[in-house]
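Counting begins at 1 with the first residue of the sequence.
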Amino acid sequence: MWPLVTRSAVNTVRCCALRAMSSYSSLLLSRPSPTVTHVELNRPDKRNAMNRAFWSEMVSCFTEISDDPECRVVLVSGAGKIFTAGIDLMDMASDVLQPEGDDTARISWNIRKIISKYQETFSVIEKCPKPVIVAVHGACVGGGVDLITACDIRLCTQDAWFQVKEVDIGLAADVGTLQRLPKVIGSRSLVNELALTARKMYADEARDCGLVSRLFVNKEAMMAAALEMAGQIAARSPVAVQGTKVNLVYSRDHSVQEGLNYMTAWNMSMLQTQDVMKSAQASMEKKGPESITFSKL
């Protein structure tokens with residue numbers, strides 16, 4: 001069992017910089033354990049609003065995490081009083097309100113490039129083969145919903161609330177919420193209501209509809225549980241864990257038969273690993289996966 005992590009331990013973790021990535025201005029990265037990477041939205045004085053740096057730094061961060069053989073699980077959280085207030089309008093408005101171009105076609109082409117770039121900020125989380133746990137406290141607004149719907153496991157505190165805010169600022173959400181939220185919640189009516197009214201969804205409703213899987217009394221309890229969960233996942237074979245994530249994402253977007261065919265092609269190579277024999281042997285000896293030393297992937 002992974003040990004619970006106290007507030008002091010979490011603070012200690014923040015001092016453990018993750019190589020050059022600690023130089024990010026909007027993110028703080030650390031290693032609470034050798035196989036778990038903690039990505040913290042780190043603009044607490046701006047309510048973790050997503051500024052220009054954030055949109056590029058998330059891509060760089062998760063691209064490197066994807067290729068990091070030491071990392072097996074990722075935890076995402078927000079520093080300060082809330083998870084995120086969403087897009088930093090003051091910093092980002094010029095990209096869309098003052099696009100470059102000599103005519104409508106060229107302006108539109110450049111806006112398309114900008115939107116595609118912003119979409120990749122959250123798609124890169126989904127493409128990352130390492131499972132991503134997100135821990136939400138306080139507000140999760142606009143782009144925050146785009147972010148968490150790209151994650152694999154969502155947890156929140158009892159004071160958390162969620163808001164698809166975009167219609168309130170004159171646009172349709174365009175970086176993932178309208179595409180992923182219907183597949184997360186499953187109720188088209190509820191998704192339509194949230195997206196069209198911009199009303200707040202509070203923690204109890206978020207759990208009841210499946211947006212989050214667990215609630216916690218406060219951030220400290222949530223972070224302890226999130227790190228424990230990350231440790232449990234990291235203790236398993238990285239071949240099994242990462243293969244599971246890749247196939248879950250693929251199957252979500254394809255028919256059952258297509259998913260089965262993909263799984264067959266996947267496991268005809270991935271079954272040729274010592275991890276299966278090691279795991280079976282540990283099980284027969286009534287030992288947990290944490291007793292096994294798995295090779296890096």
Side-chain angles (χ1 to χ4, degrees), residues 1-14 16 18 29-40 62 65-66 68-78 83 125-126 128-137 148-158 160 184 206-207 210-249 251-252 267 270-271 273-297:
M1 180 66 69
W2 200 258
L4 294 181
V5 180
T6 64
R7 184 189 300 274
S8 61
V10 171
N11 289 336
T12 300
V13 163
R14 291 173 178 164
C16 178
L18 184 60
L29 274 72
S30 58
R31 274 270 165 79
S33 81
T35 54
V36 177
T37 300
H38 182 193
V39 179
E40 190 173 34
F62 272 89
I65 286 172
S66 294
D68 181 2
E70 303 289 343
C71 175
R72 296 185 184 179
V73 184
V74 185
L75 171 61
V76 178
S77 68
F83 181 69
I125 299 173
E126 193 169 74
C128 176
K130 298 19 175 346
V132 181
I133 302 168
V134 63
V136 179
H137 73 290
I148 68 169
T149 53
C151 297
D152 302 297
I153 299 172
R154 290 169 293 277
L155 314 175
C156 78
T157 56
Q158 289 180 344
V184 169
R207 179 186 58 187
L211 178 59
V212 301
S213 53
R214 295 177 64 186
L215 297 185
F216 299 90
V217 293
N218 54 40
K219 185 180 180 182
E220 184 175 20
M222 176 180 64
M223 293 303 295
L227 288 167
E228 182 178 9
M229 184 183 297
Q232 292 170 346
I233 295 171
R236 269 68 182 175
S237 158
V239 173
V241 167
Q242 293 180 43
T244 296
K245 170 169 179 175
V246 169
N247 279 274
L248 282 171
V249 173
S251 293
R252 180 199 65 189
N267 260 3
M270 292 298 105
L271 284 176
T273 173
Q274 291 298 312
D275 292 13
V276 174
M277 293 302 299
K278 289 179 179 180
S279 298
Q281 182 66 30
S283 179
M284 288 187 291
E285 295 174 358
K286 300 189 183 303
K287 296 179 181 178
E290 64 277 356
S291 67
I292 308 169
T293 300
F294 293 109
S295 298
K296 298 174 184 178
L297 181 63

Roughly how far apart are [X] [atom1] and [Y] [atom2], rounded to 0.5 Å?
X: R214; Y: R154; atom1: CZ; atom2: CZ; result: 14.5 Å
X: D68; Y: T35; atom1: CG; atom2: OG1; result: 10.5 Å
X: M222; Y: T157; atom1: CE; atom2: OG1; result: 5.0 Å
X: Q281; Y: E285; atom1: CD; atom2: CD; result: 4.0 Å

Handout entry: Pairs satisfying salt bridge (charged side-chain N to carboxylate O under 4.0 Å, His left out), at least one member in residues 230-246, at least two apart
Key =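 Pairs touching residues 230-246 that pass the test: D152-K245.
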Side-chain contact, heavy-atom cut-off 4.5 Å: [X] with [Y]?
X: Q242; Y: L297; value: yes
X: L29; Y: H38; value: no
X: K130; Y: V73; value: no
X: L211; Y: V184; value: yes
X: V76; Y: F62; value: yes
X: V39; Y: L75; value: no
X: S279; Y: I292; value: yes
X: S213; Y: L155; value: yes

Handout entry: Sole residue of V246, I233, D275 in side chain to side chain contact (heavy atoms under 4.5 Å, CB included) with V241
Key =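 Exactly one pass, corresponding to I233.
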If you look at every heavy atom in [X] and [Y], which pair is closest and at what distance?
X: S295; Y: P238; answer: O-CG, 3.6 Å
X: P69; Y: K296; answer: O-CB, 3.8 Å
X: V74; Y: C71; answer: CG2-SG, 4.0 Å
X: I125; Y: A150; answer: CG2-O, 3.6 Å
X: A225; Y: F216; answer: CB-CE2, 3.3 Å

Exercise for the section: Could you check I133 against M229 for side chain to side chain contact (heavy atoms under 4.5 Å, CB included), going step by step and ending with a plain yes or no? Expected result: CA-CA 9 Å; I133 302 168; M229 184 183 297; 4.0 Å; yes
Exercise for the section: Spell out, as yes or no, whether a donor-acceptor pair under 3.5 Å connects the side chain of S251 to the backbone of L248. Expected result: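 Such a contact is absent between S251 side chain and L248 backbone.
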Problem - Main-chain N/O of M270 paired with N267 side-chain donor or acceptor, under 3.5 Å - result: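 Flag not set: sc N267 to bb M270 has no pair under 3.5 Å.
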Exercise for the section: Kindly indicate, with the supporting measurements, whether the criterion side chain to side chain donor-acceptor pair (under 3.5 Å) is fulfilled by T37 and R31. Expected result: CA-CA 5 Å; T37 300; R31 274 270 165 79; 3.1 Å; yes
